Enquirer: 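Attaching a single structure in structure tokens format; questions to follow.
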Amino acid sequence: MITPQSYKWFFEPTTPVEGHMHAIRRTVVEAQTKFQHVEILETAAYGKTLILDGRIQSSQGDEFIYHEALCHPGLLAVEGAPRSALVIGGGEGATLREILRYPSIQRAVMVDIDGEVVELCRQHLPEMHRGAFDDPRTEVRHEDARAYLEHGREPFDFITIDLTEPLEEGPACMLFTREFYGLVRDRLTPGGAMTLQAGMTKIGELAFYTSIHRTLREVFPIVAGYQTFISCFGTPWGFIAATRKVDPRKQDAAAIDRLIADRVKGDLAYWDGQTHLHAFGLPKFVRKAIDAQSRIVTDRNPLIVS
Ligand code: SAM
């Protein structure tokens with residue numbers, strides 16, 4: 001008989017006084033890179049799971065929810081079919097995979113600072129990248145994404161920011177600021193769109209999400225928050241889309257379904273018109289917190305997570 005005692009357990013604190021536990025079947029790999037501590041664990045509930053510095057990034061069982069939510073609202077808000085895309089971070093390669101579902105995409109660049117993480121994901125998480133790293137349209141670079149944006153000029157129709165949290169001393173610390181979002185905006189084509197993952201949207205833990213939302217409003221005319229529940233995180237998760245032209249909140253369900261049919265090859269498992277309306281229909285307490293937030297995150301006053 002299987003009981004909780006049959007397993008080792010991984011505990012992820014979501015806040016200092018709350019957390020989520022996962023029964024572990026086996027450790028696939030564990031390593032310390034130059035930038036972060038990496039574990040790929042096989043959990044009993046969700047299969048293989050990537051954990052960086054003790055934080056779950058994604059799991060085999062529900063990563064389609066996270067990665068579809070991260071990519072499609074932005075790709076569907078690009079004016080005209082998207083031809084080029086940039087992934088900032090992106091470790092597992094599943095973000096790239098979603099972008100490459102668009103036959104109109106001719107070039108997809110992924111800039112992840114940590115080549116060792118990407119190599120471990122390439123080797124041990126083929127279920128997630130599904131060959132995206134080997135697609136001829138893909139270019140993977142290992143450098144700080146901020147330096148990449150500061151030194152290059154290539155424009156992109158879609159940019160998505162799929163980063164680890166800005167932990168003190170962590171590699172993503174200066175990639176959540178007004179100045180950084182300005183660099184992103186300047187590399188988007190006029191009809192382009194960006195999206196990012198922006199942390200939890202659960203009650204009592206909204207400061208991170210609302211600060212990023214407030215900061216993006218300094219940089220983009222259209223900023224639309226949305227959320228979805230990520231089971232392996234055990235909490236609702238916030239995302240934000242920002243553009244200069246198309247407002248995703250004004251796209252109705254029929255328009256989203258039509259755009260998916262026109263732009264995406266194959267079936268999506270999560271995102272469609274109905275899901276779009278649900279995700280962008282933020283609950284009242286989240287909308288109120290967004291409206292009340294006054295903090296703008298800057299290079300001089302970055303958002304540090306402990
Ligand atoms: N899906 C994840 C989640 O739940 O937040 C995040 C995806 S991914 C694993 C995050 C990646 O961001 C990591 O692989 C990390 O190496 C990368 N990263 C962190 N800081 C970076 C930086 N300054 N430049 C480029 N990539 C960075």
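Heads up: numbering here begins at 1 and tracks the sequence. Note that ligands are numbered from 1 as they come in the structure, with each ligand's atoms numbered from 1 the same way. Not measured: the values here are computed from a predicted model. Values reported hereafter were calculated over all heavy atoms of this structure, with side chains retained and with hydrogens, waters and symmetry mates removed.
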Enquirer: Cation-pi between R187 and Y148: NZ/CZ under 6.0 Å from ring centre and within 45° of the ring axis?
Expert: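 Geometry flag: set, cation within 6.0 Å and 45°.
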Enquirer: Taking non-hydrogen atoms within less than 4.0 Å of ligand 1, which protein residues qualify?
Expert: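 Shell around ligand 1 (4.0 Å, heavy atoms): Q36, L50, L52, Q57, Y66, G89, G90, G91, E92, V111, D112, I113, D114, V117, E143, D144, A145, D162, L163, T164, P171, A172, L175, Q197, F233.
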Enquirer: May I ask you to say whether E63 pairs ionically with R130, meaning some side-chain N is under 4.0 Å from a carboxylate O?
Expert: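 Salt bridge: yes.
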Enquirer: Does the pair D272 and T275 meet the rule for a side chain to side chain donor-acceptor pair (under 3.5 Å), with working shown?
Expert: CA-CA 5 Å; D272 69 358; T275 303; 3.0 Å; yes
Enquirer: Just checking, is any N or O donor in the side chain of H22 or E12 under 3.5 Å from an acceptor N or O on the other one?
Expert: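 H22 vs E12: no donor-acceptor pair found between side chains.
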Enquirer: Within this structure, what is the CZ-CZ distance for the pair R107 and R137, rounded to the nearest 0.5 Å?
Expert: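 Nearest 0.5 Å value for the CZ-CZ distance: 12.5 Å.
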Enquirer: According to the interplanar angle, ranging from 0 to 90°, do the rings of F280 and H276 count as parallel (below 30°), tilted (30 to 60°) or perpendicular (above 60°)?
Expert: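 The arrangement is tilted - the two ring planes meet at 30° to 60°.
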